[in-house]
Amino acid sequence: MNIDLATPAETDRLGHALAMALNAHDGGAVITLAGELGAGKTALARATIQALGHAGPVVSPSYTLVEPYEFPRRRLYHLDLYRLADPEELEFLGIRDMAPDCDLMLVEWAERGAGFLPPTDLAVHLEYRDAGRCAQLTACSATGRQLMAKLHDFRPRPC
């Protein structure tokens with residue numbers, strides 16, 4: 001599914017739709033966010049986390065590498081692996097304590113954690129397109145296909 005994100009408000013709208021799909025899903029999910037620096041990965045993660053109900057600030061985990069968020073039904077981990085020197089560092093960040101079967105994970109720069117991250121359910125690739133962005137969503141598992149099916153109500157404009 002390709003989605004035109006011509007404005008930051010449309011990125012927020014996609015984050016809200018993704019949050020609604022995650023709320024309708026009972027289990028955990030691993031969502032990877034890929035794209036160049038500044039493509040909108042953190043903006044999409046922020047919009048999703050806020051739409052899930054987090055009332056406080058959503059900080060980029062660029063330096064901490066992981067930020068946990070508590071929700072009534074489950075926990076969400078926002079990971080930014082841009083500064084990860086070696087995938088084995090994920091062991092020190094508690095990757096084994098994160099439960100992808102029940103927790104949610106939003107992972108920026110997931111390729112830097114290859115071999116240590118759980119399998120991706122939904123891959124989101126953001127790229128520059130004219131003055132805006134284009135998001136390509138790809139289901140990588142049954143969970144990813146379920147989330148994509150719940151996004152059909154979103155009615156995106158293709159890019």
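For clarity, every value in this text was computed on a predicted model and none was experimentally measured.
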Q136/V124 under side-chain contact (heavy atoms from CB on, under 4.5 Å): CA gap, chis, key distance, verdict
CA-CA 6 Å; Q136 180 183 33; V124 180; over 6 Å; no
Test side chain to side chain donor-acceptor pair (under 3.5 Å) on H16 and Q50 and set out the steps.
CA-CA 8 Å; H16 188 269; Q50 289 173 335; over 6 Å; no
After noting the C-alpha distance and the side-chain angles of I49 and R46, does the key distance pass the side-chain contact (heavy atoms from CB on, under 4.5 Å) rule?
CA-CA 5 Å; I49 292 165; R46 181 179 297 113; 5.9 Å; no
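Judged as a ring pair (Phe, Tyr, Trp, His ring centres under 6.0 Å), and not counting sequence neighbours, H125 has no contacts. Listed by chain and number, the residues in a side chain to side chain donor-acceptor pair (under 3.5 Å) with R145 amount to none (sequence neighbours excluded).
Of the possible polar contacts, one joining the S141 side chain to the G144 backbone as a donor-acceptor pair under 3.5 Å is found. For the pair Y128 (side chain) and G38 (backbone), a donor-acceptor distance under 3.5 Å is present. Formation of a donor-acceptor pair under 3.5 Å by the D121 side chain with backbone atoms of I31 is not found in this model.
With rounding to the nearest 0.5 angstrom, the CG atom of L90 is 8.0 Å from the CG atom of L65. Annotation: the span from M148 atom CE to L18 atom CG amounts to 10.5 Å, rounded to 0.5 Å. Distance check: T7 OG1 to D12 CG gives 8.0 Å after rounding to the nearest 0.5 Å. Note that the CZ atom of R74 and the CG atom of L22 stand 6.0 Å from one another [nearest 0.5 Å]. To the nearest 0.5 Å, the span separating CH2 on W109 from CG on L81 amounts to 10.5 Å. Distance OG1/T48 to CG/L104: 10.0 Å, rounded to 0.5 Å.
The number of heavy-atom neighbours closer than 6.0 Å to CD of E88, taken from other residues, nucleotides and ligands shown, is 12 or below. Environment of OH in Y82: sparse, with no more than 12 heavy atoms of neighbouring residues, nucleotides or ligands closer than 6.0 Å.
The two residues D4 and E10 make their nearest non-hydrogen contact at O-OE1, 3.3 Å.
Contacts classified as salt bridge (Lys or Arg N to Asp or Glu O under 4.0 Å) and involving residues 19-43 (residues at least two apart or in different chains) are given here: D26-R73.
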